[in-house]
There are 2 protein chains.
Amino acid sequence: MEKYYNQIKNSPVFYGMNDDELKGLLECFNARIKNFEEGEMIIRQGDRITNIYLILEGAVNIEKDSYWGRRIIITQLSVNDNIALAFVASKNTESNIDAVAADDTKVLVLNYEKCTSMCQNACTRHKVLINNLFDILSKENIELIQKIENVSQKSIRDKLLTYLSNEARKRKSNSFEIPFNRQDLADYLNIDRSAMSFELSKLQKEGLIKYNKNLFQLSARV
Amino acid sequence: MEKYYNQIKNSPVFYGMNDDELKGLLECFNARIKNFEEGEMIIRQGDRITNIYLILEGAVNIEKDSYWGRRIIITQLSVNDNIALAFVASKNTESNIDAVAADDTKVLVLNYEKCTSMCQNACTRHKVLINNLFDILSKENIELIQKIENVSQKSIRDKLLTYLSNEARKRKSNSFEIPFNRQDLADYLNIDRSAMSFELSKLQKEGLIKYNKNLFQLSARV
DNA sequence: TGTTTTTTGTTGTATAAACAACGGAAATGT
DNA sequence: ACATTTCCGTTGTTTATACAACAAAAAACA
């Protein structure tokens with residue numbers, strides 16, 4: 001835990017707290033570290049969620065399986081992101097998603113219910129906390145709307161261009177790495193991988209984008 | 001304002017407050033009622049948002065225009081829902097959506113920034129408020145994930161069946177009205193209206209669903 | 001280093017969806 | 001009650017995408 005102390009302190013969940021507040025909260029949360037191997041399920045559809053998970057290392061895919069076993073990737077989370085906040089915040093709501101380690105992953109497990117029942121929202125650190133969580137939720141909301149825009153384009157080409165230019169804007173740079181391999185990107189945009197590959201190389205031939213593995217570069221025209 | 005007092009009091013935003021707290025907050029929010037005609041824009045992409053809007057009457061579509069002018073409907077909001085909470089909560093974030101009155105609509109305009117700067121989160125009613133807003137945001141989050149599932153299906157048929165069965169589950173009934181006309185539903189699911197109509201009648205012929213105008217009924221098999 | 005496995009790009013074919021055009025039904029307005 | 005407009009379903013045609021199969025490249029492993 002020591003090793004990650006500074007990281008935790010600067011994470012969006014605990015941002016702005018002093019050492020005393022942070023230590024108190026971690027105790028209150030009954031915080032502990034847990035490891036997941038690549039491919040392991042952290043949360044399953046139908047689970048009743050009582051913990052928040054703060055990602056310390058690695059990456060996590062938020063997924064859903066459709067009837068026919070086709071995989072939908074909702075989003076990929078990484079270091080400092082948290083999993084499942086929306087579900088613990090909406091009491092008595094079952095998870096409607098899977099959370100799968102996309103890498104060997106270390107998470108900080110926070111028992112949200114224990115913490116809220118203990119504090120009764122009374123202590124000052126809890127006030128900072130809920131403000132932080134509020135900010136996080138609103139940002140997640142906007143991210144989800146963004147994702148809806150990405151997948152709502154009608155052609156493969158438009159999905160790719162929308163996704164890539166949204167990423168560029170988010171990173172404030174025309175060249176950036178994406179967290180997905182080709183199959184995962186296809187599952188994220190809900191398109192066929194091979195058709196996507198084809199379209200990507202077409203876009204490259206036309207000079208709209210350049211890419212090498214997961215590193216993409218957008219030309220000024222995009 | 002009097003006319004809507006009870007409705008406001010029981011809305012998710014102000015839920016659980018006593019009369020004094022509510023009155024104080026409405027003042028603090030500089031609350032006022034505003035009317036919009038069908039088709040009028042309540043919020044535009046790029047606007048910097050400082051107000052929350054609580055819908056008192058009518059309905060509002062949250063939309064986005066793609067490059068080619070194609071319309072994407074993210075969701076439809078109705079009475080007691082609020083607009084733009086995520087944007088005011090994420091300070092300094094421009095709206096990336098349009099909010100368009102889908103009907104003649106009455107909203108309660110709440111100046112969020114004024115309220116938060118005045119109260120400095122100090123007063124007790126503000127604590128109830130932020131807890132309410134927190135709940136609302138988390139539910140919106142889950143709704144958005146649901147919507148992503150709906151539009152992430154690969155065929156028109158699967159989109160319709162997923163959407164309809166999700167609605168049925170939400171309403172806890174196999175027969176229900178949808179808030180969309182055909183064109184709006186197509187824009188919500190990002191598919192062609194005529195192709196959708198065709199698929200709907202096919203589903204009806206196969207006995208999976210029945211519908212009449214906006215009233216849908218799912219057979220047990222769905 | 002050589003072998004195996006995974007990932008990515010390419011192509012041809014089958015299929016599903018978009019699109020355009022239209023007629024009828026329903027709703028709206030006068 | 002009639003005229004006008006909007007909405008909905010149907011059909012044929014064009015187009016884009018899924019799908020399958022495969023080869024090349026890269027990565028992982030021994």
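When reading the values below, keep in mind they use all heavy atoms of this one structure, side chains included, and skip hydrogens, waters and symmetry mates. So that the names make sense, note that chain A is the first sequence line, chain B the second, and so on, each numbered from 1.
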(request) Please tell me which of the listed nucleotides, C:dG9, D:dC19, D:dT10, lies nearest to the side chain of A:Y211? (result) C:dG9
(message) Is it true that A:S95 and A:D47 share a donor-acceptor pair across their side chains at a distance under 3.5 Å?
(response) no
(message) What's A:S194 touching, base or sugar-phosphate or nothing? Going by heavy atoms closer than 4.0 Å.
(response) base
(request) Using heavy atoms to find the nearest nucleotide of DNA chain D for B:F180 and A:S155 separately, return the residue whose nucleotide is more 5′. (result) B:F180
(request) Find the distance A:N190:CG to D:dC19:C1' and express it as a whole number of Å. (result) 17 Å
(request) Run through A:K64, A:R70, A:K147 and flag the one making a salt bridge (charged side-chain N to carboxylate O under 4.0 Å, His left out) with B:E149. (result) A:K64
(message) Rounding to an integer number of Å, can you tell me how far A:I209 CD1 sits from C:dG9 C1'?
(response) 13 Å
(request) Have a look at B:N181 and say if it touches a base, only the backbone sugar-phosphate, or nothing, with a 4.0 Å heavy-atom cut-off. (result) sugar-phosphate
(message) Measure CG/A:N212 against P/D:dA26 and give the value in whole Å, please.
(response) 9 Å
(request) Let me know the distance between CZ of A:R193 and C1' of C:dT10, rounded to the nearest Å. (result) 10 Å
(request) Round to a whole Å and report the spacing from NZ of B:K159 to C1' of C:dA16. (result) 12 Å
(message) Does any part of the side chain of A:N82, heavy atoms only, come nearer than 4.5 Å to the side chain of A:E140, both counted from C-beta?
(response) yes
(request) Using a strict cut-off of less than 4.0 Å between a Lys/Arg side-chain nitrogen and an Asp/Glu carboxylate oxygen, indicate whether A:R44 and A:E63 qualify as a salt bridge. (result) no
(request) With the side chain of A:K154 defined as its heavy atoms from C-beta on, choose the nearest nucleotide among D:dT10, D:dA18, C:dC19. (result) C:dC19
(request) Would you mind reading off the distance between A:K205 atom NZ and C:dT11 atom C1', rounded to a whole angstrom? (result) 11 Å
(request) Can you spot which of A:I62, A:D98, A:N96 makes a side-chain contact (heavy atoms from CB on, under 4.5 Å) with A:I74? (result) A:I62
(message) Check this one for me: any side-chain N or O of B:R182 less than 4.0 Å away from OP1 or OP2 of D:dG9?
(response) yes
(request) Send over the distance from B:E199 CD to D:dG9 P, rounded to a whole Å. (result) 13 Å
(message) Can you measure B:L200 atom CG to C:dA17 atom C1' for me and round it to whole angstrom units?
(response) 15 Å
(request) Look at the side chain of B:S197 and decide which nucleotide, out of D:dC8, C:dT11, D:dC19, has an atom nearest to it. (result) D:dC8
(message) Nearest to the side chain of B:K213, heavy atoms from C-beta on, is which of C:dA27, C:dT8, C:dA18?
(response) C:dA27
